[in-house]
A.B. asks: 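Before I ask anything, here is the structure I am working with.
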Protein chains: 2
Amino acid sequence: MKNECIDCPCIVKYFRTLNKCQAEELGNNHVVVRFKKGYPIIKQGTFSTNVLFLRKGLVKIHITGPYREQIVRLIKRPSYLGLPTTIGDKINQYSITALLDCEVCFIDLNIFNRMLEQNKDFSNYILLELCRSEVESFRHCANRTQKQLRGNLADVLIDFSENIFESNKFLLPLSQSEIGNLVDTTRESVCRVLSEFMSDGIIRMEGKKIEILNTRSLKMISQNG
Amino acid sequence: MKNECIDCPCIVKYFRTLNKCQAEELGNNHVVVRFKKGYPIIKQGTFSTNVLFLRKGLVKIHITGPYREQIVRLIKRPSYLGLPTTIGDKINQYSITALLDCEVCFIDLNIFNRMLEQNKDFSNYILLELCRSEVESFRHCANRTQKQLRGNLADVLIDFSENIFESNKFLLPLSQSEIGNLVDTTRESVCRVLSEFMSDGIIRMEGKKIEILNTRSLKMISQNG
DNA sequence: AAGAAAAAGTGATACAAATCACAAAATGAT
DNA sequence: ATCATTTTGTGATTTGTATCACTTTTTCTT
């Protein structure tokens, strides 16, 4: 499963284009690991000494709450994974699981820290990343708790089409109970609302393939709960 | 309202004790502002070029959601305020309001950035702060959406007595509708549950003064929803 | 390709909390 | 001290969603 790679295109290439730091610093101090769809990348409660960078695929960040599993957010490439916990106390506060086949760079924490220290642009960039992601979490959370089911589901569908797949037609890589975990509801309720959306002609479903037929309606539903 | 202060004890003193950076760097590049209970310190959507440090008092972080006001968290001194937004895109993503009389240091963002650049320990400290607060947000959010009202209210009371006032007897600086905004429910429901807690002998109330009579019960309620 | 396991669909029922509607009490302003 | 305003307390009713129970369909395994 593991395979070393000296000249892999992940963050090295990413930084080269963004001009964020000397890509050379990484050298072969990182490793690319492939994860098949559905496999865990990080497990809540475990110890971590690597910074992860998602160079291919899509993952979910989820935490085991008091009663059910809760999906906090989805992250698509290219992006760092779990920065706050790796930089923080090293104990992973959440799990990360592959929703599609993924390729993840594991960067040694020492190297990462050296980069942080030596490169102002880079550390600035990381700081900004953290800020953005916290604000993002706030918004996400506020929306979810204030809207009701139809609104939240509409949001998920819109988000998928706009940000995750950038098309109105996509293969939803989540089961209905996973969608439930994302919008804080049960599998059954997700099913019911999706059926409603279908019979209202807002979406069309074929297995896990979803096509959004009426984005305007979805946005309306998103707005008035 | 405003008054300059060259030798104020806020962050200067704070850093001196924590040995996080040369307190001198701040010099008189910061200003202390006092806010009376109930007054807004930062308003969502406004532009900010200062880093804030709460040296006295208690504040709420709240965002105007699609339907109601939502309190994201309470912050007591000593603590930075709104770091992610000030460091980020400078537009405040949430409001901050004084719950008790407060004193806040306004530090010029340029100075703050210079400190970040020049002092490794300091920037490390800020990085850690950000990480901690993000993870904290996750947990808070997950708990709230998974438990039901009684559990959430119990949590708020426990949090107040343990972290905010460090005593079982406190003057609750929130109205019932504010508590509602904190646990995502209505004023009426908060009232009802508090009454229940009273008649169960778990708490005692005199106006806004709340005394916790049975912490064990509260923890039980917190645990099993 | 066949059988097992997981996911999806859907009705009936239960229930926590929202909403509405007032009255009582507390707090602030003049 | 008095009046106005904001908070609190509580009942009656509605409602969105959870829960339970079962069937059908899809997906995975060997």
Side-chain angles (χ1 to χ4, degrees), chain A residues 36-39 60 65-71 97 99-101 144-154 156-157 171-200 203-210 221-222 224-225, chain B residues 36-39 65-71 97 99-100 144-156 171-200 203-210 221-222 224-225:
Chain A
K36 281 215 170 293
K37 177 178 171 168
Y39 280 75
K60 63 173 174 181
Y67 299 103
R68 72 180 96 94
E69 196 68 11
Q70 181 156 10
I71 299 182
T97 302
L99 292 177
L100 300 173
D101 290 353
R144 245 199 355 237
T145 52
Q146 289 192 27
K147 292 182 185 179
Q148 53 201 66
L149 219 155
R150 285 168 61 85
N152 284 327
L153 248 180
V156 167
L157 293 176
L171 187 84
L172 200 111
L174 295 170
S175 70
Q176 291 184 355
S177 47
E178 280 179 308
I179 300 176
N181 293 338
L182 186 58
V183 297
D184 296 314
T185 189
T186 59
R187 194 214 99 219
E188 294 94 325
S189 298
V190 170
C191 182
R192 272 184 249 274
V193 174
L194 283 180
S195 301
E196 273 174 52
F197 285 176
M198 271 187 76
S199 56
D200 293 354
I203 60 172
R204 213 161 58 83
M205 290 169 69
E206 273 178 63
K208 298 218 158 220
K209 219 171 267 165
I210 291 191
I221 291 169
S222 155
N224 73 61
Chain B
K36 282 216 170 290
K37 176 177 170 169
Y39 280 74
Y67 298 103
R68 70 180 97 95
E69 197 67 11
Q70 182 156 9
I71 299 182
T97 302
L99 291 176
L100 300 173
R144 246 199 354 236
T145 53
Q146 289 192 28
K147 291 184 187 179
Q148 54 201 66
L149 218 155
R150 286 168 61 85
N152 284 326
L153 247 180
D155 283 341
V156 166
L171 187 82
L172 201 112
L174 295 170
S175 69
Q176 292 184 354
S177 48
E178 279 179 307
I179 300 176
N181 293 338
L182 187 58
V183 297
D184 295 315
T185 189
T186 59
R187 195 215 98 216
E188 294 95 323
S189 299
V190 170
C191 183
R192 271 184 250 274
V193 174
L194 284 180
S195 300
E196 272 175 53
F197 285 176
M198 271 186 75
S199 55
D200 293 353
I203 60 172
R204 213 161 60 81
M205 289 169 69
E206 275 178 60
K208 297 218 157 221
K209 217 171 270 167
I210 291 192
I221 291 168
S222 157
N224 73 59

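Order of the sequence lines sets the chain letters (A, B, ...), proteins ahead of strands, with each chain counted from 1.
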A.B. asks: Whole Å only: how far is the CG atom of B/L153 from the C1' atom of C/dA16?
C.D. replies: 14 Å
A.B. asks: Report yes or no: does B/E178 contribute a side-chain atom to a donor-acceptor pair with the main-chain N or O of B/S175 at less than 3.5 Å?
C.D. replies: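 Side chain of B/E178 to backbone of B/S175, a donor-acceptor pair under 3.5 Å: yes, one is there.
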A.B. asks: Grab the two heavy atoms, one from B/P173 and one from B/L99, that are nearest each other, plus how far apart they are.
C.D. replies: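 Of all heavy-atom pairs spanning B/P173 and B/L99, the closest is CB-O, 3.8 Å.
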A.B. asks: Would you say B/K147's side chain and B/S222's backbone share a donor-acceptor pair under 3.5 angstrom?
C.D. replies: yes
A.B. asks: So if I apply the side chain to side chain contact (heavy atoms under 4.5 Å, CB included) rule between A/Q70 and each of A/D184, A/L182, A/N181, which one comes out positive?
C.D. replies: A/D184
A.B. asks: Can you tell me how far C1' of D/dT8 sits from CD1 of B/I203, to the nearest Å?
C.D. replies: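 Checked: the CD1 to C1' distance equals 14 Å.
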A.B. asks: Looking at D/dG11, does its base get a donor-acceptor pair with the side chain of B/R192 below 3.5 Å?
C.D. replies: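 Checked by distance alone, the answer is yes.
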A.B. asks: Take the protein atom CD of A/E206 and the nucleotide atom C1' of D/dT27, then report the distance between them rounded to whole Å.
C.D. replies: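 In whole Å, D/dT27 C1' and A/E206 CD are 17 Å from each other.
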A.B. asks: With nearest nucleotide decided by heavy atoms, which residue, A/T185 or A/K208, maps closer to the 5′ end of DNA chain D?
C.D. replies: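 Its nucleotide being nearer the 5' end, the pick is A/T185.
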A.B. asks: If you check every side-chain atom of B/Q148, which of C/dA17, D/dT19, C/dT10 has the closest atom?
C.D. replies: C/dA17
A.B. asks: Looking at B/Q146 and A/R68, would you say the former's side chain and the latter's main chain have a donor-acceptor pair under 3.5 Å?
C.D. replies: yes
A.B. asks: From CD of A/E188 over to P of C/dA14, roughly how many Å is that when rounded to an integer?
C.D. replies: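 The answer, rounded to whole Å, is 17 Å.
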A.B. asks: In terms of side-chain heavy atoms of A/S189, which of D/dT10, C/dA7, D/dT17 is nearest?
C.D. replies: D/dT17
A.B. asks: Quick one: A/L194 CG to C/dT10 P, roughly how many Å, whole number?
C.D. replies: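 Those two atoms, CG and P, are 11 Å apart.
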A.B. asks: Mapping B/R187 and A/R187 to their closest nucleotides on DNA chain C, which lands nearer the 5' end?
C.D. replies: A/R187
A.B. asks: Please give, in whole Å, the distance from C/dG9 P to A/E196 CD?
C.D. replies: 13 Å
A.B. asks: Tell me the interatomic distance from A/K147, atom NZ, to D/dG16, atom C1', rounded to whole angstroms.
C.D. replies: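 So the NZ-C1' distance, A/K147 to D/dG16, works out to 17 Å.
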A.B. asks: Can you check the A/Q176 CD to D/dT25 P distance for me, whole Å?
C.D. replies: 15 Å
A.B. asks: Looking at D/dT10, I'd like to know if its phosphate oxygens (OP1 or OP2) sit under 4.0 Å from a side-chain N or O belonging to B/S195.
C.D. replies: yes
